[in-house]
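Worksheet: the structure to be examined is printed underneath.
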Amino acid sequence: MGAMAAGVAVGSGASAQAKESSSDGAASAASSVGDAGRAATADPDNPTADPNGYVPDCTTDVTYIPQCGEYPTPKEEAPDQTEYSCDVLVVGGGLAGLNAAFAAAQDGKSVILLDKSTPGYSGLSAWPSCTAYYDPDRDADRETWDKSMRLSCFNFANLNWEDVWCDESLATYNRLKEWGWVEEHPRGVDTEYYVDGNMFHDDLRGYFTAYADHDRHKVFMKVLNDNGVTVLDHTMLIDIVQNTDGACVGGVALAYRSSTVLSITAKAVILCTGNGVIKPMGYPVGADTFDGIWIGYQHGLPITGVEFEDFHMTTSYAPSNALMHNSWQYVEQIWRTGGTVTLEKLIKRAGVQERTSSYVDGFDYSKNDNTLMDGKEEGTSCSAAYAAGDTSDPRSGKWTSPNPKGHVYGAAVGMNVHTASGIWCGIDDTVGQTSIPGLYVAGDGTNGCYVGGPNYGCQRGSTSNFVSLQGYRAGQAASSYADGVAEAQMPSDVVSQIGEYALAPLSVTRGYSPSWAREALHAIMAPGWMTIAKSEDVLNAGLAQVLALKDLVHGKLVAQNGHDLRLAHEVEHQILAMELKLRAGLERKESRGFHYRTDYPFCDDNYLFYIIQTKPEREDDAPVIGHVSLPDRWVGDLSEPHEVRYPLFDTPEEYATYAPKEDGKPSSASDASKTVDAVSSK
Amino acid sequence: MSVIRKDLEACIGCGNCAKICPMDVMRLDVEHGKSVIAYVSQCMTCGQCWLNCPTGSIAIQSETATFGLNAGR
Ligand SMILES: Cc1cc2nc3c(=O)[nH]c(=O)nc-3n(C[C@H](O)[C@H](O)[C@H](O)COP(=O)(O)OP(=O)(O)OC[C@H]3O[C@@H](n4cnc5c(N)ncnc54)[C@H](O)[C@@H]3O)c2cc1C
Ligand code: SF4
Ligand code: SF4
């Protein structure tokens, strides 16, 4: 475990800890104000302490000097080992990567897994609160299921992957349960630790400590260790390496804390790098920054699904606080959910998405408080099995303790809707095999397969199960590919080129701070006109700004330490992802799922294709845009009337035009968004 | 909003926070046996360091430092 940081096993200390007072979550910001009048010197060769023992940190950018009597940022020791080789390299330790590594290890392969943080705590996988499976004994027959998927996903869902999910999700669930990821223990609200759902009042830490034995976040490292997977944590894959035949034979990574380049030779590589975000505004996306998309694009692979913006919410009064409305979900058990969403149920839900109406017509300030979700509310959070009234079905749904509802959108600025975006592997692919031999992709935001369509369709909780299943299949496929490959060898010139590229920001003396570039990108992309209700003019304006930023900072991001080195690469990836997002948004001149164009407000059957973008031959040219037509079975019967094909009437204009009269059809588009019951997307 | 130091004395240098933090905010000063809130501007307030800190040395501040820019509000 070359790059493993010092420290005890995660959580072992927490379990030994006695309960503490309920108020210790809230400390005063006032206490963080630094002492005035410090006189310390910042000569890098001879730093001296001031009378309070304060030593300036000369190794970092001045904006990072720790306040409040913290010690200076310590220098991190470089790992002893910098060259590795294995059968299968897995990049990313979320649910997809965990299952991929497990499958390959079970198949007798030597496996190395890299993560930018520590598996279990990074990416999206630290956060799900429910998981779903298809139950062949209880759920609708497959034909009805198909129809349900089609209608709830705007005739845009990948039904080949959906077939696989129906076949294998129960086994996947059982594996997750066996690992201890789906433990049962009391809801917070039924214990003494719950006060009112506000993380600053509840004793969240007390609850977490009391049930530490059931903590699912620890499961990831345990499974990896038990299966002999070598984990290199706090290590970022910079790029994959192809040999002269074009096969993927490993990767070059950065143990960023010590700015050390690592090379990992592998017979096969599986990218499970998650989704991405510019900056999480209350939705904890962690270390995901579109790294898989960037790597795939650089190697000529098609990128898809980026026009469909994620839908998550945050609270308006604490928009940057991820724990505010994910608190109990993080510490409580995973709930089982799922079941067949009936056509009748779908149509009852028809209406303008809440995020569209609240953004277009204004936010509902009557909800601008600690509105609590009671955990059993109707709508999409509710399990279909529960809604169907079958009390014997264990998939009782997402019944986490009541806590504040996020009521403004854009919590994950730039993130794409679950499972739509990433590298496109083809209509028939069901193992995550790319067109580069030896390179596989799995998981949310990395394998752009559209199993949940352009809007995360009707299956709440299927994502955590699906990415696990997809990772497992990619692990198996990579393992059998590795069986047929002689020893892999990475071309040394390519390895050193990537190594130099990895460290290049440390040598840039005149340039721009990656933190600044990230803020600038965030400011361009965050407003709802870029993500929720878009139009040609605004998308073009956004694209011009993103390209101006790219022009300014590309290759000129400065790193003064390992932390910034990681950030500099991440920002390059975020800028590319936003360019691709805006270009795809311009190309899709219609509205579908979570892509609403105010100038093309209807679903248009002429757009029943996935948009793919590939790298142009000349760097300065725009990406090459292609279309992938969908098979007949996925798009349904084109001769049916519009309102039958698209019963969700997603946009205000769809609703005003197509909603049945007896539904209280409004007379205009803007009326529609005001009068229709909000459809919660959470 | 971000992680904040509540009591540096209490820190036993167990390293949990530095290991868990997905954003590389927390580092461990092995020599002094203390964690360091090193790159606080990256903190996404996920609270994982706070939940897993055995001594209550760190906390999440309740004060609103800035309003983040999202889709609208
Ligand atoms: C708040 C929240 C609530 C959710 N609720 C639910 C729910 O109730 N039910 C449900 O089913 N789903 C839910 N989801 C969605 C689900 O959790 C995710 O879709 C799923 O966990 C994604 O898994 P993944 O492995 O594909 O990606 P991730 O979990 O994001 O993992 C990606 C990993 O890759 C690492 N990484 C990225 N780039 C690199 C690189 N260059 N080098 C090395 N490592 C890298 C990251 O550190 C990360 O650990 C929720 C998500 C969130 C955030
Ligand atoms: S709250 Fe989360 S992001 Fe912030 S320092 Fe703690 S672990 Fe890191
Ligand atoms: S988890 Fe707590 S005790 Fe352990 S190093 Fe971090 S602050 Fe110190």
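Chain naming here is simple, since letters A, B, ... match the order of the sequence lines and numbering starts at 1 in each.
A donor-acceptor pair is defined here as one N or O able to donate and one able to accept, closer than 3.5 Å; no such pair exists between the side chain of A:T73 and the backbone of B:R27. Side chain of A:R205 to backbone of B:C53: a donor-acceptor contact under 3.5 angstrom is found. At distances below 3.5 Å, at least one donor-acceptor pair connects side-chain atoms of A:S117 with backbone N or O atoms of B:I20.
One finds the OG atom of B:S41 at 6.0 Å from the NE2 atom of A:H563 (value rounded to the nearest 0.5 Å). Between atom CG of residue B:N16 and atom OH of residue A:Y121 there is a gap of 8.0 Å, rounded to the nearest 0.5 Å. Of the inter-residue distances, the one linking B:T45 atom OG1 with A:L323 atom CG reads 8.5 Å to the nearest 0.5 angstrom.
Most heavy-atom pairs under 4.5 Å with chain B: of the set A:A322, A:G362, A:A412, this distinction falls to A:A322. Of the listed residues A:V285, A:V408, A:N321, the one with more heavy-atom pairs under 4.5 angstrom with chain B than any other is A:N321. Residue with the most contacts toward chain B among A:H522, A:K116, A:M525: A:H522 (heavy-atom pairs, distance under 4.5 Å). Chosen from A:G410, A:G282, A:A526, the residue pairing most often with chain B at heavy-atom distances under 4.5 Å is A:A526. Between chain A and the residues B:M44, B:K34, B:E31, the most heavy-atom pairs under 4.5 angstrom are made by B:M44.
At least one side-chain heavy atom of A:W127 sits under 4.5 Å from a side-chain heavy atom of B:C46. You'll find the side chain of B:Q48 reaches within 4.5 Å of the side chain of A:Y330, heavy atoms only. Using a 4.5 Å cut-off on side-chain heavy atoms (C-beta onward), A:M199 and B:I60 make contact. For the pair B:L69 and A:M281, the minimum side-chain heavy-atom distance is 4.5 Å or more. Looking at heavy atoms from C-beta onward, A:P74 lies in side-chain contact with B:V36 at the 4.5 angstrom threshold. Side-chain contact between A:L567 and B:Y39 is absent, with no heavy-atom pair separated by less than 4.5 Å.
If you measure heavy-atom distances from A:S327 to chain B, you find no contacts under 4.5 Å at all. Heavy-atom distances place the backbone of B:S35, and not its side chain, under 4.5 Å from chain A. At a 4.5 Å heavy-atom cutoff, B:C43 makes no contact with chain A through either its backbone or its side chain.
Contact check on A:R257 versus B:D24 returns a salt bridge, with a Lys/Arg side-chain nitrogen under 4.0 Å from an Asp/Glu carboxylate oxygen.
Residues A:H234 and B:K19 come closest through the heavy atom pair CE1-O, 3.2 Å. Between A:A287 and B:P22, the shortest heavy-atom contact is CB-O, 3.6 Å.
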